[in-house]
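Within every chain, numbering begins at 1; the chains are lettered A, B, ... in the order of the sequence lines, protein sequences first and strands thereafter. These numbers come from the heavy atoms of this one structure, side chains and all, not from hydrogens, waters or symmetry mates.
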Number of protein chains: 2
Amino acid sequence: MPPASPEKQVFTKYLEENGLRQTRHRMLILDSFIANEGHRSIEDIHDNVRKADSRIGYTTIYRTMKLLSDAGLAREVDLGDGMTRYEHLYNHKHHDHMICTECGRSIEFFNAQIEALQDAASEKLGFRVQDHRLQIYGLCGSCRS
Amino acid sequence: MPPASPEKQVFTKYLEENGLRQTRHRMLILDSFIANEGHRSIEDIHDNVRKADSRIGYTTIYRTMKLLSDAGLAREVDLGDGMTRYEHLYNHKHHDHMICTECGRSIEFFNAQIEALQDAASEKLGFRVQDHRLQIYGLCGSCRS
DNA sequence: CTGTGTGCAAATGGTTTGCAAAAAC
DNA sequence: GTTTTTGCAAACCATTTGCACACAG
């Protein structure tokens, strides 16, 4: 048997520490989530997980994705399309998003200077930063022509 | 008669240009909106406008706030409390928000360097910026102690 | 008058919840 | 066997829409 993926180890540990059970459904959802990159909606994940077990319901996806977020494996992102999406957090650098208002595609980017300035600006206002989100809206390369 | 406020002039012009009518309800909503600063929900505005005319319904607030946004007088902000809020845009400098995860209060801030870096980072990725939103989550001065 | 604006109630759509049955331990 | 988890359906809640009536131009 191959060693469990680090994400699975993190999740298992999280479940144990919180007195939660390690169920087959939760593990299938984790499997599907780590096997697919991107900004995935509950519907996306549900469709994908159903290939492994067609009896898994929407509700369980909602509840499990919340657990994965708490466990630090997933991050909720709001791309402005009216539904919560989830992206990988484990071993993924923090980043922000540029969202094309024409085609809806989103580009991930990271800028260390912006990050540093945010911290500095916050500290100056007496604010202790926990997290932040930056979305830039505009036209992507293909749509601006 | 005092001259109409600049906001009223902008809105009137917007309505004319788009073949829309200048109704009493729309003007009352604009009055209420420009008379109160802050991040106001539909419910806030509705409660306030009803003091002037108790027959104005929720629906009209929704529809009119959308018009005010289109006219460039209001901006939708998402403070993560599950409802759309509106803030003034006319003669208000662009700014971003720090949101306290403890008390929910939000602080407005502006940092020219961050703005410039965003534009530069976008341009480098072939992105033409139209707008952007930055929310920093953390603990405000009163809550961090 | 003619056509737009409005209020009400009902519909919508993503998300949450109550509860009995199923699964984990 | 006891307790947690799950699926289903119903509830929720902010927002939108259909429609008959009210109002602006």
Side-chain angles (χ1 to χ4, degrees), chain A residues 8 11-33 39-47 49-71 74-86 104, chain B residues 8 11-33 39-47 49-71 74-86 104:
Chain A
K8 208 166 276 187
F11 193 40
T12 300
K13 188 176 169 213
Y14 170 83
L15 292 174
E16 268 172 22
E17 288 177 353
N18 290 277
L20 301 171
R21 289 176 181 172
Q22 183 177 332
T23 71
R24 199 173 48 81
H25 284 182
R26 283 175 178 161
M27 291 307 151
L28 287 175
I29 293 166
L30 174 61
D31 285 344
S32 161
F33 181 64
H39 306 116
R40 309 184 58 215
S41 66
I42 295 290
E43 189 182 6
D44 292 340
I45 300 166
H46 185 246
D47 287 351
V49 152
R50 283 219 160 196
K51 290 175 188 161
D53 184 336
S54 63
R55 287 167 309 172
I56 297 180
Y58 258 79
T59 317
T60 304
I61 314 287
Y62 274 108
R63 292 192 271 227
T64 303
M65 291 316 295
K66 206 142 280 178
L67 293 179
L68 291 180
S69 301
D70 284 350
R75 180 165 86 130
E76 300 186 355
V77 289
D78 175 10
L79 299 183
D81 62 352
M83 63 188 83
T84 303
R85 291 174 174 278
Y86 293 88
Chain B
K8 209 167 276 188
F11 193 40
T12 300
K13 186 175 169 216
Y14 170 83
L15 292 174
E16 269 172 19
E17 288 177 355
N18 290 277
L20 302 171
R21 291 176 180 173
Q22 183 177 334
T23 71
R24 198 172 49 81
H25 284 182
R26 282 176 179 161
M27 291 307 149
L28 286 174
I29 293 167
L30 174 61
D31 285 344
S32 161
F33 181 64
H39 306 116
R40 310 186 53 219
S41 67
I42 295 292
E43 189 181 6
D44 293 340
I45 301 166
H46 185 246
D47 287 350
V49 153
R50 283 220 161 196
K51 290 175 188 161
D53 184 335
S54 64
R55 288 167 308 173
I56 297 180
Y58 259 78
T59 316
T60 304
I61 314 287
Y62 273 108
R63 291 192 271 227
T64 303
M65 290 315 295
K66 205 142 280 177
L67 293 179
L68 291 179
S69 301
D70 284 350
R75 181 165 84 131
E76 299 185 355
V77 291
D78 176 11
L79 299 184
D81 61 353
M83 64 188 82
T84 303
R85 291 175 175 278
Y86 292 88

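Not counting sequence neighbours, B:D47 has no partner by the salt bridge (charged side-chain N to carboxylate O under 4.0 Å, His left out) test. Remark: B:R24 pairs with B:L28, B:D53, B:R55 by the side-chain contact (heavy atoms from CB on, under 4.5 Å) rule, at least two apart or across chains. Every residue two or more places apart in sequence or in another chain that forms a ring-ring contact (aromatic ring centres under 6.0 Å, His included) with B:H46 is listed here: B:Y58. With sequence neighbours excluded, no residue satisfies side chain to side chain donor-acceptor pair (under 3.5 Å) with A:T23. By the salt bridge (charged side-chain N to carboxylate O under 4.0 Å, His left out) test, B:R75 is found to be paired with B:E87, residues two or more places apart in sequence or in another chain being considered.
Put simply, CE on A:M65 is 17 Å from C1' on C:dT16, counting in whole angstrom units. Atom C1' of nucleotide D:dC8 and atom NE2 of A:H25 are separated by 14 Å, given to the nearest angstrom. Across the protein-nucleic acid pair, A:L67 atom CG and D:dT4 atom C1' stand 12 Å apart, rounded to whole Å. In this structure, B:L28 atom CG and C:dG5 atom C1' are separated by 14 Å, rounded to whole Å. Atom C1' of nucleotide D:dT6 and atom CE of A:M27 are separated by 15 Å, given to the nearest angstrom. C:dA22 atom P lies 17 Å from atom CD1 of A:I56, rounded to whole Å. For the pair A:E16 CD and C:dA24 P, the interatomic distance rounds to 16 Å; values are reported in whole Å. Summarising the geometry, the separation between CG on B:L68 and P on C:dG5 is reported as 14 Å, rounded to the nearest angstrom.
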Summary of protein contacts for nucleotides 13-25 of chain D, nucleotide by nucleotide, where a base hit scores B, a sugar-phosphate-only hit scores S (4.0 Å, heavy atoms): -SBBB------BS
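If you find the closest nucleotide of DNA chain C to B:R50 and to B:R26, the one lying nearer the 5' end belongs to B:R26.
Side chains of A:D44 and A:R85 form a contact here, defined as non-hydrogen atoms less than 4.5 Å apart.
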